[in-house]
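Protein chains get the first letters and strands the later ones, always in sequence-line order, with residue 1 at the start of each. In this text, all values refer to a predicted model and were calculated from it rather than measured experimentally.
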Amino acid sequence: MPLNPSADNLFGLMHQQIMAALKGLQAAGQLPPELRFDGINTEPPREQAHGEVATNAAMVLAKPLGKAPRAVADLLLPTLQQIDGVAAVEVAGPGFINFRFHPAFWHGQLGKILNAGDRYGYLTPLQKGAQKEGKSEKINLEFVSVNPTGPMHVGHLRGAIFGDVLANLLIAAGNQVCREYYVNDAGNQVTVLARSSFLRYREALGEDIGAIPEGLYPGDYLKPVGEALVQQHGRALLTLPEDQMLAIVRPFAVAQMLTLIKADLASLGVVHDIFTSEAGLYEKGGIDKPYQVLEQADLIYRGTLPPPKSKKVSPDWVPGELVLMRSTRYGDDQDRPLKRSNGDWTYIAGDLPNTWQKIERGFDALIVPLGVDHAGYVARFEAAAAALSNGKVRLEAPLTALVKFLENGALKKMSKRGGTFITVAEVIEEVGRDSLRFMMLWRKHNMPMDFDLAAVREQSRENPVFYVQYAHARCCSVFRQAAEAMPQLAQPDLAAADLSLLTEDSVLALIRLLTQWPRLLMAAAVEREPHRIPYYLYEVAGALHALWNEGREETLLRFIQPTDPALTLARLVLVQGVRNVLAAGLAILGVVPVEELRS
RNA sequence: GCGCCCUUAGCUCAGUGGAUAGAGCAGCAGCCUUCUAAGCUGUUGGUCGGUGGUUCAAAUCCACCAGGGCGCACCA
């Protein structure tokens with residue numbers, strides 16, 4: 001998707017001015033009135049030698065105008081040269097138009113970064129209807145949603161952190177986001193949980209329960225549930241009929257499991273706005289309403305599905321007429337059963353009330369990150385949302401690939417029996433919350449990831465978390481050092497700095513890199529790709545470290561110039577700008593920027 | 001058999017339809033009388049899996065093929 005949002009950032013602003021210039025030429029009769037400007041982009045060039053802002057306008061317009069790109073560019077140049085702040089415009093390569101700005105322009109940009117503080121690049125939600133289409137949306141982001149039949153495990157980490165950071169990112173990009181956890185507390189597996197807990201209850205009362213029977217959950221994490229039941233109910237549950245016992249134990253056990261899960265989420269720094277109970281939805285009518293909606297749209301019928309194509313075709317599969325949802329109408333490759341032959345609702349049917357309640361709440365988009373092992377369900381989820389909303393509400397299901405946990409290159413086996421099982425709490429304990437969050441985003445979400453605990457613990461350049469944190473700490477250190485060396489700068493008035501003193505190429509290049517942040521933030525949000533942020537922060541950190549080291553060889557390039565308070569103050573603004581961008585990015589990642597690295 | 005994801009430097013991976021495809025690691029050669037060397041500089045290394053197509057322009061979009069991963073119930 002070409003990304004030229006309105007004047008939220010330098011490139012959007014330039015794009016608007018270029019488009020205005022083109023329309024001006026059109027109005028003046030120098031360009032044909034029917035000429036369309038689709039496909040014109042305004043971007044940072046990949047190489048610095050190619051200028052500071054580039055547009056492909058001349059190449060795009062060359063064909064419809066029947067002229068060579070360079071001839072088109074020559075036609076545009078006189079107008080483009082008049083854009084505010086532009087020092088030079090040149091045509092290069094196959095027909096790019098490259099802009100360069102006066103240093104004063106970049107000083108102005110740095111001033112904006114300073115004023116924006118550590119929220120530089122963030123957009124505030126606009127009033128609905130007052131913004132361009134698709135710009136600011138009301139988004140529901142359902143993530144984690146671990147079944148309340150057991151604690152979280154490390155397989156849930158990537159999805160949890162991806163979802164949480166995506167929410168931060170979408171909010172920073174000006175959207176309204178609700179983080180939702182859907183609690184599957186109504187299905188058969190919750191009854192299994194209750195029976196398993198009841199067994200632990202009997203165990204807690206001193207009974208020898210022997211081996212856990214097949215079909216019940218064996219985990220030790222249910223022992224405390226049994227004990228808690230004893231504390232609350234004594235021996236009273238033993239004599240109840242099973243349905244009454246289950247009516248008590250089911251909600252109790254679910255609540256206990258949610259307590260475990262929420263504790264892990266809290267230590268990860270993952271916060272949800274609401275927890276929606278499946279059982280609660282069923283009390284309020286459940287599937288009735290969405291079923292009606294589908295029926296009225298003629299999306300439900302009785303029919304027979306072809307046999308499963310899997311190699312391991314289950315031997316007890318028999319063809320039979322079922323209640324089906326016409327999900328193929330919305331892009332699924334097969335219609336899906338809503339009712340089983342025994343009359344029970346299917347899994348996909350069970351999720352209809354969830355999707356329906358979100359649609360009723362008026363979201364523009366429903367985002368549901370899933371593990372890649374659920375890839376087969378994406379099409380039917382998308383179809384269900386489209387069907388229930390008459391195609392108006394878009395469901396997106398980004399897939400997160402598997403994470404392999406390693407220790408010095410050796411695979412950590414996830415076997416519960418082998419005793420090498422690692423819990424969420426252990427991973428956090430091992431590497432720290434901030435490193436965990438950062439590194440879980442150091443790959444694109446749909447790429448498999450090797451997570452080496454030893455490498456993440458390491459404090460060296462090889463560890464990008466550390467590298468970025470070090471850059472932020474270094475910024476803070478400069479302020480501390482300045483205060484010490486130059487007492488008059490202990491409380492520097494950065495707004496009063498004379499930024500025209502910043503003249504070195506490497507300094508101006510760093511300012512240009514910083515001005516790319518708002519655009520990068522928007523692109524990451526639009527593409528639902530939070531991993532772009534740590535990569536960008538790594539680049540900013542590298543630029544700062546490089547600049548720092550220039551001062552090692554050339555004293556005059558150091559940030560702190562004891563004999564020149566004005567220059568020092570101006571350079572402190574640059575350092576503050578770097579710090580603002582790093583802090584703004586780390587805040588989206590949910591990582592605390594450290595002020596010092598001493599340990 | 002079908003569907004989804006992936007294939008980019010020796011390794012692990014970035015890459016927004018644009019100009020000479022990048023980073024880290026590994027390899028090689030350098031920088032500490034220092035605003036923290038927990039860092040920096042230089043350098044070696046590529047038929048972007050293959051073949052076609054769309055386009056002024058393709059690692060990027062489309063089709064087909066090959067290889068790898070995941071999934072393929074009326075279970076959750």
Side-chain angles (χ1 to χ4, degrees), chain A residues 1-3 39 41 43-47 49-50 54 56 58-63 68-69 92-96 98 147 149 184 187-189 305 307-314 316-318 320 322-323 333-334 336-350 371-379 399 401-402 442-444 446-450 452 455 458-464 466-467 469-471 473-474 477-478 480-482 484-485 519-520 523 526-527 531-532 535 538-539 542 545-553 555 558-562 568 596-599:
Chain A
M1 175 185 301
L3 192 77
N41 291 325
E43 311 176 310
R46 194 164 47 208
E47 293 196 35
H50 295 144
N56 62 353
M59 291 183 291
V60 172
L61 299 180
K63 191 170 189 190
F96 286 99
N98 295 327
N147 278 343
T149 54
N184 287 101
N188 182 55
Q189 77 276 9
L305 286 175
K309 286 166 187 158
S310 167
K311 271 184 180 169
K312 41 166 192 174
V313 178
S314 148
D316 51 347
W317 188 88
V318 281
L322 295 166
V323 176
D333 54 355
Q334 196 177 78
R336 300 295 171 180
L338 292 181
K339 268 191 183 178
R340 292 195 254 155
S341 48
N342 68 5
D344 287 352
W345 295 108
T346 60
Y347 171 65
I348 185 76
V372 70
D373 51 333
H374 290 77
Y377 297 90
V378 173
L399 299 175
L402 287 174
W442 189 243
R443 290 287 176 261
K444 194 172 168 183
N446 60 356
M447 291 289 279
M449 175 190 293
D450 287 345
D452 196 314
E458 189 176 330
Q459 299 213 334
S460 78
R461 159 147 211 178
E462 292 177 44
N463 181 349
F466 167 76
Y467 190 71
Q469 288 284 30
Y470 183 33
R474 207 164 224 182
S477 163
V478 170
R480 290 192 295 267
Q481 296 288 340
E484 200 167 306
R519 183 176 187 274
L520 183 121
V526 167
E527 301 294 336
H531 75 281
R532 295 185 188 199
Y535 277 93
Y538 186 81
E539 194 180 346
H545 290 314
L547 199 57
W548 172 283
N549 256 64
E550 280 183 27
R552 183 172 299 284
E553 284 168 17
T555 316
R558 294 183 183 179
F559 297 129
I560 297 170
Q561 298 293 325
T568 304
E596 233 178 331
L597 280 173
R598 296 189 191 287
S599 57

Engineer: Base, sugar-phosphate, or nothing: which does A:Ala546 touch, judged by heavy atoms less than 4.0 Å apart?
Structural biologist: sugar-phosphate
Engineer: Applying ring-ring contact (aromatic ring centres under 6.0 Å, His included), can you list everything that pairs with A:Tyr467, at least two apart in sequence or on another chain?
Structural biologist: A:Tyr538, A:His545
Engineer: Does A:Leu322 have any side-chain contact (heavy atoms from CB on, under 4.5 Å) partners at least two apart in sequence or in another chain, and if so, which?
Structural biologist: A:Leu324, A:Pro337, A:Ser341
Engineer: Write down the distance separating the C1' atoms in B:A29 and B:A21, rounded off to the nearest Å.
Structural biologist: 26 Å
Engineer: Considering residues at least two apart in sequence or located in another chain, which fulfil the ring-ring contact (aromatic ring centres under 6.0 Å, His included) criterion with A:His374?
Structural biologist: none
Engineer: What's A:Arg474 touching, base or sugar-phosphate or nothing? Going by heavy atoms closer than 4.0 Å.
Structural biologist: sugar-phosphate
Engineer: So, OP1 or OP2 of B:C40: does either fall under 4.0 Å of a side-chain N or O from A:Tyr467?
Structural biologist: yes
Engineer: How far, in whole Å, is B:C25 from B:C64 if one measures between their C1' atoms?
Structural biologist: 37 Å
Engineer: Whole-Å distance between B:G39 C1' and A:His545 NE2?
Structural biologist: 7 Å
Engineer: Provide, to the nearest angstrom, the distance between the CZ atom belonging to A:Phe466 and the P atom belonging to B:G24.
Structural biologist: 16 Å
Engineer: Under 4.0 angstrom, heavy atoms only, what part of the nucleic acid is A:Asn98 near: base, sugar-phosphate, or nothing?
Structural biologist: base
Engineer: To the nearest angstrom, how far is A:Met449 atom CE from B:C70 atom P?
Structural biologist: 17 Å
Engineer: Please list, chain by chain and in numerical order, all residues satisfying ring-ring contact (aromatic ring centres under 6.0 Å, His included) with A:Trp548, sequence neighbours excluded.
Structural biologist: none
Engineer: Starting at atom CZ of A:Phe96, determine the distance to atom P of B:U16, rounded to an integer number of angstrom.
Structural biologist: 15 Å
Engineer: According to the interplanar angle, ranging from 0 to 90°, do the rings of A:Tyr535 and A:His531 count as parallel (below 30°), tilted (30 to 60°) or perpendicular (above 60°)?
Structural biologist: perpendicular
Engineer: Suppose you measure atom C1' in B:G49 against the same atom in B:U8; what distance do you get, rounded to whole Å?
Structural biologist: 10 Å
Engineer: I'd like a list of close polar pairs between nucleotides 43-45 of chain B and the protein, N/O only, cut-off under 3.5 Å.
Structural biologist:
none

Engineer: Quick one: is A:Ser341 getting a side-chain N or O under 4.0 Å of the B:C74 phosphate, OP1 or OP2?
Structural biologist: no
Engineer: Rounded to the nearest angstrom, tell me the gap between atom CH2 in A:Trp548 and atom C1' in B:U36.
Structural biologist: 6 Å
Engineer: Please tell me which of A:Gly187 and A:Thr555 maps to the more 5' nucleotide of RNA chain B, matching each residue to the nucleotide holding its nearest heavy atom.
Structural biologist: A:Thr555
Engineer: Can you tell me if the side-chain N/O atoms of A:Arg519 get under 4.0 Å from OP1 or OP2 in B:U16?
Structural biologist: no
Engineer: Could you pick out which residue, A:Trp442 or A:Gly376, lies toward the 5' side of RNA chain B when each is mapped onto its nearest nucleotide?
Structural biologist: A:Trp442
Engineer: Any heavy-atom pair between the side chains of A:Ser477 and A:Glu596 that's under 4.5 Å?
Structural biologist: no
Engineer: Taking any heavy-atom pair under 4.0 Å as a contact, classify A:Ala92: base, sugar-phosphate, or nothing.
Structural biologist: base
Engineer: Atom CG of A:Leu402 and atom CG of A:Asp450: how far apart are they, to the nearest 0.5 Å?
Structural biologist: 11.0 Å
Engineer: Checking all strands, does A:Ala54 fall into the base, sugar-phosphate, or nothing category for heavy-atom contacts under 4.0 angstrom?
Structural biologist: base
Engineer: P atom, B:A23 versus B:U43: distance in rounded Å?
Structural biologist: 10 Å
Engineer: At under 4.0 Å, does any side-chain N or O of A:Asn41 touch on OP1 or OP2 of B:G17?
Structural biologist: no
Engineer: Separation of A:Asn188 atom CG from B:A73 atom P, in whole Å?
Structural biologist: 19 Å
Engineer: Which nucleotide, B:A14, B:C70, B:A23, lies nearest any side-chain atom of A:Tyr538?
Structural biologist: B:A23
Engineer: Please evaluate the base of B:U16 for a donor-acceptor partner in the side chain of A:Arg532 within a cut-off of under 3.5 Å?
Structural biologist: no
Engineer: Closest approach of A:Val478 and A:Phe559, non-hydrogen atoms and distance?
Structural biologist: CG2-CD1, 3.9 Å
Engineer: Output yes when at least one side-chain N/O atom of A:His50 is less than 4.0 Å from OP1 or OP2 of B:U20, else no.
Structural biologist: no
Engineer: Quote, to the nearest angstrom, the C1' distance that separates B:C62 from B:U54.
Structural biologist: 7 Å
Engineer: Which nucleotide sits closest to the side chain of A:Glu43: B:U16, B:A23, B:A38?
Structural biologist: B:U16
Engineer: Report the nucleotide, chosen from B:C70, B:C74, B:C5, that has the shortest atom-to-atom distance to any side-chain atom of A:Asn446.
Structural biologist: B:C5
Engineer: Apply salt bridge (Lys or Arg N to Asp or Glu O under 4.0 Å) to A:Lys444 and list each qualifying residue two or more places apart in sequence or on a separate chain.
Structural biologist: A:Glu529
Engineer: Grab the NE2-C1' distance between A:His374 and B:C75 for me, whole Å please.
Structural biologist: 11 Å
Engineer: A:Met447 has a side chain; which of B:U36, B:C13, B:C70 sits nearest to it?
Structural biologist: B:C13
Engineer: Residues two or more places apart in sequence or in another chain: which of them pass side-chain contact (heavy atoms from CB on, under 4.5 Å) with A:Glu550?
Structural biologist: A:Ser506, A:Leu547, A:Leu557
Engineer: Mind checking the C1' distance from B:C11 to B:U44? Whole angstroms is fine.
Structural biologist: 16 Å
Engineer: If you measure from the C1' atom in B:C61 to the same atom in B:G17, how many Å do you get, rounded?
Structural biologist: 8 Å
Engineer: Would you indicate what A:Pro464 reaches in the nucleic acid, counting non-hydrogen atoms under 4.0 angstrom: base, sugar-phosphate, or nothing?
Structural biologist: nothing
Engineer: Do A:Val378 and A:Leu399 touch side chain to side chain, with heavy atoms closer than 4.5 Å?
Structural biologist: yes
Engineer: Going by the rule salt bridge (Lys or Arg N to Asp or Glu O under 4.0 Å), which residues pair with A:Asp333 if we only count those two or more places apart in sequence or in a different chain?
Structural biologist: A:Arg336
Engineer: CD1 of A:Ile560 to CZ of A:Arg480: how many Å apart, nearest 0.5 Å?
Structural biologist: 11.0 Å
Engineer: Find every protein N or O atom lying less than 3.5 Å from an N or O atom of nucleotides 54-59 of chain B, and list the pairs.
Structural biologist:
residue : atom : partner : partner atom : Å
B:C56   : OP1  : A:Lys63 : NZ           : 2.6
B:C56   : OP2  : A:Lys63 : NZ           : 3.0

Engineer: Going by side-chain contact (heavy atoms from CB on, under 4.5 Å), name the residues that satisfy it together with A:Asn549, two or more places apart in sequence or in a different chain.
Structural biologist: A:Arg552
Engineer: What residues, two or more places apart in sequence or in another chain, satisfy side-chain contact (heavy atoms from CB on, under 4.5 Å) together with A:Asn147?
Structural biologist: A:Thr149, A:Asn184, A:Gln189
Engineer: How would you label the contact of A:Thr346 with the nucleic acid (heavy atoms, under 4.0 Å): base, sugar-phosphate, or nothing?
Structural biologist: sugar-phosphate
Engineer: For nucleotides B:C72 and B:C65, find the distance between their C1' atoms and express it as a whole number of Å.
Structural biologist: 23 Å
Engineer: Whole Å only: how far is the CG atom of A:Asp450 from the C1' atom of B:A14?
Structural biologist: 16 Å
Engineer: Under 3.5 Å for both pairing distances: what stems, at least three Watson-Crick or G-U pairs long, include RNA chain B?
Structural biologist: B:1-7 with B:66-72, B:10-13 with B:22-25, B:27-31 with B:39-43, B:49-53 with B:61-65
